[in-house]
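Data block below; observations after.
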Amino acid sequence: MAVNRRVRIAVVWDDEGPGAPRMMLAVAVRPRRLLPLVRMLTNTDWAFFGALGTPLIDRERPTLALESFLEGLRGLGQTMFLFRFLPEKGPTADAVRAAAALLRRPIVRVSGHERAMLRSTRDPEDYLTHSLSAKKLKELRRQFRRLADEGSVDFREARAPADLAAALERFLDLEARGWKGQKGSAMRLHPDQTGFLRELFARRAEKGEARVLELFVGEHLISSGLVLTGGRTAWFYKTAYDEQRSKCSPGVQLTLELTRRMLEDDGVDMVDSTAIADHPMIDHIWRERLALGDWLIAVRPGAGPLVMASARAEHLRRRLRAIARDLYHRLKDRTR
């Protein structure tokens with residue numbers, strides 16, 4: 001099985017307190033690719049956990065856990081650490097700032113963005129009516145009726161471990177048949193990713209913290225969405241759809257149904273879309289926003305000037321990368 005050997009797991013243990021030994025913090029990290037000059041001067045890691053950089057942390061002693069984490073990095077010779085995709089508000093962000101203040105370590109916000117989330121007490125249909133225009137809803141209903149012309153249309157939700165495992169394989173097949181399969185990025189084509197996904201959902205399903213929502217036309221799967229839950233929060237982890245039926249917006253139809261079910265679920269207060277900023281689909285359905293930031297913190301004393309310089313360099317690198325990406329797409333569009 002392929003393994004990314006650049007990724008490591010940093011763990012903080014309490015060997016003396018109540019309930020010892022007890023894990024206080026865990027976070028996946030990997031070396032950060034900075035501009036050459038900064039890379040020469042610093043030894044920097046960054047938090048890495050997909051679209052959410054929040055570390056697993058002891059809720060009873062979050063500040064102490066983060067202090068110990070930063071001191072441990074200092075002992076390993078690290079200069080600074082970059083928390084990526086850290087929610088701007090909440091107990092973890094508060095604990096990071098508190099640990100930085102107690103250790104007198106400078107912390108700088110490199111950048112940030114907002115992404116769609118679902119958090120509302122509205123009735124589902126009332127919510128969708130306020131999110132989408134009457135014209136858009138009418139068009140989506142028309143597209144749904146077009147799907148019904150091909151056969152019976154129904155949504156199926158898998159939660160039991162065996163049902164969920166089967167639904168997960170259907171999701172992987174559906175994704176692989178689309179553009180991701182053509183580009184070679186579909187999870188089905190990467191054994192390490194499929195292994196991770198299967199184990200993740202199998203373990204969460206045993207706790208009742210995973211579900212797969214599917215949209216079928218007859219016996220043909222045309223859209224599928226993976227959802228994880230923890231506490232009173234859910235994450236819309238991944239979605240795939242049949243691109244041959246894109247004129248009927250199968251991915252949007254699935255998202256509308258998921259919205260209804262999440263709003264009706266008394267055990268869920270908030271759903272994180274895990275989408276990119278300004279997502280062209282879900283931003284127009286889920287109107288609430290989750291603010292995320294990248295925070296660079298000094299690990300060793302006296303590293304304040306380097307933190308400031310590194311933050312500016314990283315900000316510049318991201319701007320240049322965005323400009324280059326936009327230029328590439330403009331040139332690509334002109335050559336078509």
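These figures come from a predicted structure and were not determined experimentally.
- When all heavy atoms of A234 and V227 are compared, the closest pair comes out as CB-CG1, 4.2 Å.
- For L86 against P55, the heavy-atom pair with the smallest separation is CD1-CD, 4.3 Å.
- For the residue pair E139/Q143, the side-chain donor-acceptor check at 3.5 Å is satisfied.
- Taken to the nearest 0.5 Å, the SG atom of C248 stands 11.5 Å off from the CZ atom of R145.
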Decide side-chain contact (heavy atoms from CB on, under 4.5 Å) for R61 and D14; before the verdict, give the C-alpha distance in whole Å, the side-chain angles of both, and the deciding distance to 0.1 Å.
CA-CA 11 Å; R61 296 172 293 173; D14 177 9; 2.8 Å; yes

Full working for side-chain contact (heavy atoms from CB on, under 4.5 Å) between V268 and T233
CA-CA 6 Å; V268 175; T233 300; over 6 Å; no

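- Residue R261 holds its CZ atom at 12.5 Å from CG of L263, rounded to the nearest 0.5 Å.
- Counting heavy atoms of neighbouring residues, nucleotides and ligands inside a 6.0 Å radius, atom CD of Q244 does not exceed 12 of them.
- Salt bridge annotation for R156-E219: present, with a cationic side-chain nitrogen under 4.0 angstrom from a carboxylate oxygen.
- In this structure the side chain of T92 never reaches within 4.5 angstrom of the side chain of P87, judged on heavy atoms.
- A heavy-atom distance below 4.5 Å is not found between the side chains of V271 and R119.
- Here the CG atom belonging to L56 is positioned 11.5 Å from the CG atom belonging to D58, to the nearest 0.5 angstrom.
- Classification of E125 and R260 as a salt-bridged pair holds, one side-chain N sitting under 4.0 Å from a carboxylate O.
- Contact annotation: the side chain of I57 never approaches that of M24 to less than 4.5 Å [non-hydrogen atoms, C-beta and beyond].
- Between R22 and D15, no side-chain nitrogen of the basic residue sits less than 4.0 Å from a carboxylate oxygen of the acidic one, so the salt-bridge criterion is not met.
- D242 has a carboxylate O that lies under 4.0 Å from a charged side-chain N of R245, or vice versa, which qualifies the two as a salt bridge.
- E314 places none of its side-chain heavy atoms less than 4.5 Å from the side chain of L296.
- Annotation for R59: atom CZ does not count as buried by contact number, only 12 or fewer foreign heavy atoms lying within 6.0 Å.
- Between S111 and R318, the side chains place a donor N or O and an acceptor N or O closer than 3.5 Å (distance only, hydrogens not considered).
- A distance of 9.0 Å separates NE2 of H284 from CG of D278, quoted to the nearest 0.5 Å.
- The pair D163-R211 does not count as a salt bridge, with every side-chain nitrogen at least 4.0 angstrom from each carboxylate oxygen.
- Annotation: side chain of L197 is in contact with side chain of F201 (closest heavy-atom distance under 4.5 Å).
- E114 and R289 are not joined by a salt bridge, as no carboxylate oxygen comes within less than 4.0 angstrom of a charged side-chain nitrogen.
- Applying the side-chain hydrogen bond (donor to acceptor under 3.5 Å, both in side chains) rule to T229 yields no partners; only residues at least two apart in sequence or on another chain are considered.
- Here the two rings, on F81 and F69, have centers that are under 6.0 Å apart.
- In this structure, H113 and F85 have perpendicular ring planes: the angle between them is above 60°, well past the 30° mark.
- Under a 4.0 Å N-O distance rule, the pair E157/R159 qualifies as a salt bridge.
- With sequence neighbours left out, R177 forms a side chain to side chain contact (heavy atoms under 4.5 Å, CB included) with D173, L174.
- Closest approach of R74 to P301, counting heavy atoms only: CD-CD, 3.6 Å.
- A distance of 10.5 Å separates CG of D192 from CZ of F196, quoted to the nearest 0.5 Å.
- A salt bridge between E175 and R188 is absent, with no side-chain N of the basic residue lying under 4.0 Å from a carboxylate O of the acidic one.
- Taking CZ of F216 as the start and OG of S152 as the end, the distance is 10.5 Å to the nearest 0.5 Å.
- Using modelled atom types and a 3.5 Å distance limit, the side chains of T259 and W286 yield a donor-acceptor pair.
- Note on I282: it does not cluster hydrophobically with L290, by side-chain heavy-atom contacts below 4.5 Å among ILVMFWY residues.
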Give the intermediate values and the outcome of side-chain contact (heavy atoms from CB on, under 4.5 Å) for residues E243 and W179.
CA-CA 8 Å; E243 294 170 15; W179 67 268; 3.0 Å; yes

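- The pair R115-D283 does not count as a salt bridge, with every side-chain nitrogen at least 4.0 angstrom from each carboxylate oxygen.
- Of all heavy-atom pairs spanning A205 and L164, the tightest one is CB-CD1, 4.2 Å.
- R84 has a carboxylate O that lies under 4.0 Å from a charged side-chain N of D294, or vice versa, which qualifies the two as a salt bridge.
- Not counting sequence neighbours, E288 has no partner by the salt bridge (Lys or Arg N to Asp or Glu O under 4.0 Å) test.
- Contact record, V108 with M308: CG2-SD, 3.4 Å, taken as the closest heavy-atom pair.
- Remark: R122 CZ is packed, more than 12 non-hydrogen atoms of other residues, nucleotides or ligands lying under 6.0 Å away.
- The side chain to side chain contact (heavy atoms under 4.5 Å, CB included) test with F236 singles out one residue from L228, D272, T255, L226, and that residue is T255.
- Nearest heavy atoms, A298 versus V307: CB-CG2, 3.5 Å.
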Quick one, R105 with M80, criterion side-chain contact (heavy atoms from CB on, under 4.5 Å). Give me CA distance, side-chain angles, the key distance, then yes/no.
CA-CA 10 Å; R105 302 288 191 267; M80 60 190 78; over 6 Å; no

